Protein chains: 2
Amino acid sequence: MGSGETEGALIRLRAWLANRPADADKRLPPERELARMLGVSRGTLRKALAVLEAEGTIWRHVGRGTFVGDRPVEPLLDLSDVIRRTSPAHVMEARFLLEPELARLAALNGTAADLDELRLCLRQSRLAPDWRSYEYWDNRLHRGIAQATGNTVLLALLDGLDTIRRAIAWGRLRRGPQRPPPDHHSFAEHEAVVAAIAERDPQAAATAMRRHLASVRARLFAALGLEPVPGSESGSAIDAGTKRVLEDVVPTLPGVRA
Amino acid sequence: MGSGETEGALIRLRAWLANRPADADKRLPPERELARMLGVSRGTLRKALAVLEAEGTIWRHVGRGTFVGDRPVEPLLDLSDVIRRTSPAHVMEARFLLEPELARLAALNGTAADLDELRLCLRQSRLAPDWRSYEYWDNRLHRGIAQATGNTVLLALLDGLDTIRRAIAWGRLRRGPQRPPPDHHSFAEHEAVVAAIAERDPQAAATAMRRHLASVRARLFAALGLEPVPGSESGSAIDAGTKRVLEDVVPTLPGVRA
DNA sequence: GGACGAACCAATCCGAAAATGGTCCAAATA
DNA sequence: TATTTGGACCATTTTCGGATTGGTTCGTCC
């Protein structure tokens with residue numbers, strides 16, 4: 001196979017690549033120029049470049065150039081498309097899935113600085129002069145919990161969920177001159193979550209978060225005119241698979257911080 | 001307040017907006033032109049536009065123009081930044097959080113077409129001629145499970161996790177002429193997950209997925225030279241908070257499809 | 001058969017010019 | 001006095017043409 005000049009070009013190319021300063025530009029000269037520099041034809045150089053690309057040393061893109069290192073990541077997420085075919089119920093389901101576990105991991109991994117941030121959010125949300133301001137601090141609180149897990153991936157996931165949530169038409173949006181009433185259900189629920197995190201009680205934190213989300217969901221569905229979620233307040237009826245739940249959930253979510 | 005010409009401009013503007021065809025462009029004429037069309041000065045028109053913007057009818061942006069409808073959502077996620085400060089352990093933690101619940105919801109909501117897709121992935125992954133091809137079908141399988149939940153938000157979340165996972169440097173990447181051995185651990189584990197989904201057994205599906213992820217994590221950490229996760233195989237030691245887990249997990253993840 | 005050179009293609013980048021919303025100000029107007 | 005008007009700037013964005021660059025296909029020559 002690769003006999004003759006192609007192999008020579010590959011060797012010369014590797015040597016040229018090795019002899020360049022470490023702080024050199026990630027971008028290589030254009031093929032035409034590089035071919036002239038190495039004393040090879042462009043076609044031959046391209047074969048050598050193809051080898052380097054196959055082994056992951058470089059990556060190329062039409063119109064951009066040839067670069068050394070890993071190919072950059074492109075988002076690939078078409079948010080506006082997701083938003084069009086999603087519903088508030090979907091968002092609530094995702095929140096139920098994510099946020100209790102975030103609270104749980106926050107109780108395990110949260111730092112003192114994280115807790116300061118959470119307490120700040122609690123205080124400010126009580127002082128909020130209008131709904132818009134309240135929602136800012138509410139949002140910042142939930143994000144702070146994700147931050148307290150110490151896991152940037154989880155934080156990114158919650159951020160993604162947030163952008164979707166914020167973009168959905170929530171029917172009535174309660175903006176106005178009024179302010180949240182002092183006995184707004186979220187206040188006590190938020191404080192319960194933060195208290196459990198502060199006491200390093202993971203189960204209690206997750207439980208408190210579930211209670212909070214159940215409350216939010218009930219209000220949301222009521223506002224949308226839907227029927228309440230079946231079994232959301234019963235809490236009875238321990239089925240046969242319960243023991244498996246214990247064996248699964250407890251050991252496999254250790255919450256190690258890497 | 002808005003006395004005199006401003007009010008008149010607002011009325012004329014509303015009328016002009018109402019009288020345009022439904023399929024008209026979302027983009028309004030430039031302010032200078034629109035002002036001339038309505039016979040108002042630009043400053044007055046801008047006050048009227050400010051009212052419409054405050055009530056959410058239109059949105060504006062410098063250099064772009066004025067548009068009717070909701071303001072488009074911007075990603076706000078800087079993926080390349082997240083990737084730089086994250087670790088394989090973080091990604092595994094996120095997978096443990098997400099994917100078992102996805103399997104659970106897939107068992108509840110998956111359609112026959114979804115199951116066909118999953119079985120196709122199983123078959124193709126066994127036939128894969130090299131690791132690269134195997135990882136394609138493996139990836140498509142996990143994505144298919146998220147698809148089977150019927151929740152586009154969860155699918156978007158898994159996609160986001162995937163882009164992060166794919167971008168991280170996984171140390172050894174097992175690309176090469178070899179192919180996955182026929183007794184590769186993932187085969188049986190994947191089939192267990194899909195079987196549980198097909199039998200509509202949510203708990204079993206979640207359990208099988210946890211087992212699979214635990215296996216993946218063990219191999220990953222071994223390859224990276226880390227110590228195994230404490231308690232990942234013990235599964236004993238039922239602590240005091242277990243009953244609460246039951247009361248929490250079971251009723252609050254109903255998996256309703258909206 | 002393989003290497004070379006040339007030409008062409010489609011995607012991308014680049015820079016200047018135009019377009020657009022945001023802002024300020026003095027004159028005109030009621 | 002209070003409001004409107006027209007004009008001039010500003011910062012951001014779009015637009016558009018030309019240059020750049022990797023991808024591809026020829027004919028030609030060893």
Side-chain angles (χ1 to χ4, degrees), chain A residues 1-14 16-17 20 24-76 80, chain B residues 1-13 16-17 24-76 80:
Chain A
M1 350 178 166
S3 65
E5 195 53 30
T6 8
E7 199 135 3
L10 185 53
I11 293 175
R12 254 174 287 183
L13 176 55
R14 282 216 156 92
W16 185 88
L17 228 41
R20 35 185 276 160
D25 197 358
K26 293 292 189 187
R27 174 177 184 169
L28 302 186
E31 292 182 350
R32 291 156 175 91
E33 186 178 340
L34 188 53
R36 194 162 35 76
M37 290 165 59
L38 297 184
V40 218
S41 86
R42 195 179 156 215
T44 320
L45 171 64
R46 281 183 56 73
K47 286 178 191 167
L49 286 172
V51 175
L52 293 192
E53 186 180 32
E55 72 188 27
T57 307
I58 64 172
W59 63 275
R60 307 185 271 181
H61 195 301
V62 201
R64 283 202 241 188
T66 307
F67 304 81
V68 301
D70 288 333
R71 169 175 265 112
V73 12
E74 64 247 53
L76 171 57
S80 61
Chain B
M1 350 172 167
S3 65
E5 196 52 30
T6 31
E7 197 135 2
L10 185 53
I11 294 176
R12 254 174 288 183
L13 177 55
W16 186 87
L17 274 176
D25 197 358
K26 292 292 190 188
R27 175 177 184 171
L28 303 186
E31 292 183 350
R32 293 156 175 89
E33 186 178 341
L34 188 53
R36 194 164 35 76
M37 289 166 59
L38 298 183
V40 219
S41 86
R42 196 180 157 216
T44 321
L45 171 64
R46 280 184 57 73
K47 285 178 190 164
L49 286 172
V51 175
L52 293 193
E53 186 179 32
E55 71 188 27
T57 308
I58 64 171
W59 63 274
R60 308 184 272 181
H61 195 301
V62 200
R64 284 203 238 189
T66 307
F67 304 82
V68 301
D70 288 334
R71 166 175 268 112
V73 345
E74 63 246 55
L76 170 57
S80 61

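Convention: sequence-line order gives letters A, B, ...; per-chain numbering from 1. Since the structure is predicted, the reported quantities are computational estimates derived from the model, not experimental observations.
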TODO: Check whether any side-chain N or O of A:Arg46 sits under 4.0 Å from OP1 or OP2 of D:dG22, and answer yes or no.
DONE: no
Open item on the list: On DNA chain D, does the nearest nucleotide to B:Leu45 precede the nearest nucleotide to B:Arg64 from the 5' side, or the other way round? Give the residue.
Closed with: B:Leu45
Open item on the list: Test your reading of the model: is there a side-chain donor-acceptor pair from B:Arg27 to the backbone of B:Arg64, 3.5 Å cut-off?
Closed with: yes
Open item on the list: Counting the atoms with a prime plus P, OP1 and OP2 as sugar-phosphate, which does B:Arg36 contact under 4.0 Å by heavy atoms, base, sugar-phosphate, or nothing?
Closed with: nothing
- [ ] Check the distance between D:dC9's C1' and B:Glu31's CD and give it to me in whole angstrom.
- [x] 15 Å
Open item on the list: Once you apply a heavy-atom cut-off of 4.0 Å, does B:Gly43 come out as touching a base, just sugar-phosphate, or nothing?
Closed with: nothing
Open item on the list: Strictly below 4.0 Å: does A:Arg32 bring a side-chain N or O up to OP1 or OP2 of D:dT20?
Closed with: no
TODO: Among D:dT21, D:dT12, C:dC4, find the nucleotide with the atom closest to the side chain of A:Val40.
DONE: C:dC4
Task: Nearest-Å distance for atom pair CG/P, residues B:Leu10 and D:dT4 - done: 12 Å
Open item on the list: C:dG2, OP1 or OP2 - any side-chain N/O from A:Thr44 closer than 4.0 Å?
Closed with: no
Open item on the list: Side-chain N or O of B:Arg42 versus OP1/OP2 of C:dT20: is the shortest distance under 4.0 Å?
Closed with: no
- [ ] Among A:Arg36, A:Arg32, A:Glu33, find the residue that satisfies the side chain to side chain contact (heavy atoms under 4.5 Å, CB included) test when tested with A:Arg42.
- [x] A:Arg32
- [ ] May I ask you to decide if B:Leu38's main-chain N or O and B:Arg12's side chain share a donor-acceptor pair within less than 3.5 Å?
- [x] yes
TODO: Kindly say if A:Lys47 contacts the phosphate of C:dG2, meaning a side-chain N or O under 4.0 Å from OP1 or OP2.
DONE: no
Open item on the list: Taking only side-chain N and O atoms of A:His61, does any of them lie within less than 4.0 angstrom of OP1 or OP2 on D:dT21?
Closed with: no
- [ ] Establish, with yes or no, whether the OP1 or OP2 oxygen of D:dT3 is under 4.0 angstrom from a side-chain nitrogen or oxygen of B:Thr6.
- [x] no
